[in-house]
There are 2 protein chains.
Amino acid sequence: MKRREFIKLALATTAAGTAATRASACPVSSRATGDLGVIVERASGSILIIESTGRTVLDRIEGLGDLSHASVVFSRNERFAYIFGRDGGLTKVDLINAVINRRVVQAGNSIGGAISDDGRLVAVANYEPGGVKLFDSASLAEVGEIAAEFGRDQRSKTVGIADAPGRRFLFSLYDGGEIWLVDCGMSGPPKVTKFGGVGSLPYDGLITRDGRYYLAGLFGEDGLVCLDLWADQPAPRRILAGYGKGEEKLPVYKMPHLRGWAQAGDRFLLPAVGRHEVLVVQAETFQEIGRVAVHGQPVFVMARPDGRHAWVNFAHPKNDVVQVIDSRSLAIQRELRPGPAVLHMEFTGRGHEVWLSVRDADRVDVYDTRTFAKLAELPARKPSGIFFTCRAHRTGF
Amino acid sequence: MKRREFIKLALATTAAGTAATRASACPVSSRATGDLGVIVERASGSILIIESTGRTVLDRIEGLGDLSHASVVFSRNERFAYIFGRDGGLTKVDLINAVINRRVVQAGNSIGGAISDDGRLVAVANYEPGGVKLFDSASLAEVGEIAAEFGRDQRSKTVGIADAPGRRFLFSLYDGGEIWLVDCGMSGPPKVTKFGGVGSLPYDGLITRDGRYYLAGLFGEDGLVCLDLWADQPAPRRILAGYGKGEEKLPVYKMPHLRGWAQAGDRFLLPAVGRHEVLVVQAETFQEIGRVAVHGQPVFVMARPDGRHAWVNFAHPKNDVVQVIDSRSLAIQRELRPGPAVLHMEFTGRGHEVWLSVRDADRVDVYDTRTFAKLAELPARKPSGIFFTCRAHRTGF
């Protein structure tokens, strides 16, 4: 990355903002952004914009390319959603005006992205070309590329990208077996710190809510890698040595998403690999402290924001069921059968409701997290991911 | 509270929402709400509406009564701020249109309020008449009153009101020495659970971010009271037995605010009483594990959202200084001298900046939480509290 571009970016940072427009003869929009959300319609390259107060669909935006594996982050003012598509598309959607603001196809193949804590930079993790690209969040101008070079002039697919406090990002090199920390928070070009030899084929990553630990799952061997960013000299270490030893060897695309880990108070609840179990891990020590037998192979284990319950969905063919686990007693509190192919679960900001995508019923269902009553259904075409704007204010989201 | 009103409220809950207006010939407002905030101007009954991306003042709203001790909560869509004034005023301010939407003077004297997790109910803790009033958050119609009756037909001042998951509230009876839990989350009138004899003169309260523990400080004796809401049978217990044994006995209005406790990872950092110290308490056990000698009597100890640092301000006359403590090492990382009378500190959602009210310089200053550089100054009249809209998505805020 050229130093000149980066200095320009640094100088420009004080000026960016959202202009307030108030036409005197026109009503000011009453559309606030705190209760908005995006639902990915995975088979049609479209998204829905919803509002969660009245639980209604506001708009559909089309033309977003291949969303078969897509994720979304938000600008810090919540006005814009950044959609990362599998085909390398990066689309900035204006949620107030329900239009595409900007769109670039920035790589051949891409697996996800993140936005910096100050909202200035969007980072995308690419398979092809292997590396991470950085974009100005306002203009989507490319401001840098970090080629994931390893070994002899090889470039690795990059995975598991997450933001960390201080305008930093972490990601893993799938082919290279490394974790890189990119610091964009100081003057000058981004500083890259490389942690090599972390393990075989890190296939996904997550950062804990406090921005302290970056965890990467390994596909090529058992166990996970943990990097403590608060250590004076961060160094990767192996945790959960047996993780991955399933009853069956799963192909990489069936390995549980690390974003499917729930932080519930002082514990993590996470999907076992190749077993119908949820693991319970002490957050302080990363020691396994229990297991919960569940309905099928867990895909996502999502903690209600207060951490009292974790909601679990499952892989095909048992993906019509959701179970709720009490994070203290580890008992199954409730089993629900929302419908065929429950792909994702998203809680409202304070957790009073959870929204579930029921892909094969072309529906998103809303449940009360206290009574487990179904409150609403919204029509959606093959819905997958659900993302609420309150994620704008959370690390790692 | 009459059952009829409450049933009406329950029936009305499905319909509330924000109408989207999009006049075809008019530009839609580009004002998102995710980066908005309110600054209380304590001597002039006014507030400023600010936006934290460009760090500018958008508007001033006047006519809010006695804001010498005021607090603010937000609607879940972030469009509205509810300002609780000392004189019993409750004002709903439309942050997009910068106007007072509704205002009631609902009591003679009041100390604060809260909003339910689903955003439907606003609760206000009143001194006079002693008790808590409940209001519909959209209309500000009073939907109930819980008279804080104790002993022989006495009514107590109420303090320390906080929201808990499941449309519940907790508060303390200052005169009555009790903690009450109000459950508005099920059908029928609110259910009140009373915990009596918790201690002498509970003067403030807080709920932990997970909504699990309600803590009340005692003015009439040493120690605090802790109520574990996740227990099968919640019961108050005494913690930090020596808390309050200061070198000097403080009057109640100088007792540290419990909202001045920082949750930093697995620890609390909190102001000592009558000592120039910050106490460090293990969150799991509530055992004191350390003390940090600081510049003066701490007033607020505010954790950066990631929990790595805690920022501390002080009581007069040492209130021109702010210190930053590392929550792991407990070392003082930095000492700043922002100006005369630093009353409050508020972090942005992911913690990259902190905003400080410098009352006697008629300024709000913005600092980078990583480099400690000052980034901006905003003019404000005798500013006190600073509240960002991202609080809408947090329990206890």
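Source: prediction; values computed, not measured. The chains referred to below are lettered A, B, ... by the order of the sequence lines, with proteins before strands, and numbering in each begins at 1.
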Chain B contact via Arg212(A) - side chain, backbone, both or neither, heavy atoms under 4.5 Å
side chain
Salt-bridge test for Arg370(B) and Asp117(A): reply yes if a basic N is under 4.0 Å from a carboxylate O, no otherwise.
no
Working for side-chain contact (heavy atoms from CB on, under 4.5 Å), residues Thr53(A) and Arg76(B):
CA-CA 8 Å; Thr53(A) 298; Arg76(B) 64 181 301 276; 3.2 Å; yes
Heavy-atom contact with chain B under 4.5 Å, split by part of Asp326(A)
neither
Which heavy atom of Gly34(A) sits nearest to which heavy atom of Thr33(B), and what is that distance?
N-OG1, 3.5 Å
Spacing of Asn77(A) atom CG and Arg31(B) atom CZ [to the nearest 0.5 Å]:
8.0 Å
Side chain, backbone, both or neither: which part of Thr369(B) has an atom under 4.5 Å from a heavy atom of chain A?
neither
Drop me the distance from Asp368(B)'s CG to Asp118(A)'s CG, to the nearest 0.5 angstrom.
9.0 Å
Distance (rounded to the nearest 0.5 Å) between His393(B) NE2 and Arg391(A) CZ
13.0 Å
Between Asp306(B) and Pro165(A) the two heavy atoms that sit nearest each other are OD2-CG, 4.1 Å
Any residues in residues 346-354 of chain A near chain B, with a heavy-atom distance under 4.5 Å, and which are they?
Thr348(A), Gly349(A), Arg350(A), His352(A)
So do the side chains of Glu284(A) and Glu284(B) get within less than 4.5 Å of each other, counting heavy atoms only?
no
With sequence neighbours left out, the residues meeting side chain to side chain contact (heavy atoms under 4.5 Å, CB included) with Arg209(A) are Gln263(A), Phe397(A)
I need the Met186(B) CE to Thr371(A) OG1 distance, nearest 0.5 Å.
6.5 Å
Got a second to check how far Asp35(B)'s CG is from Glu78(A)'s CD, nearest 0.5 Å?
8.0 Å
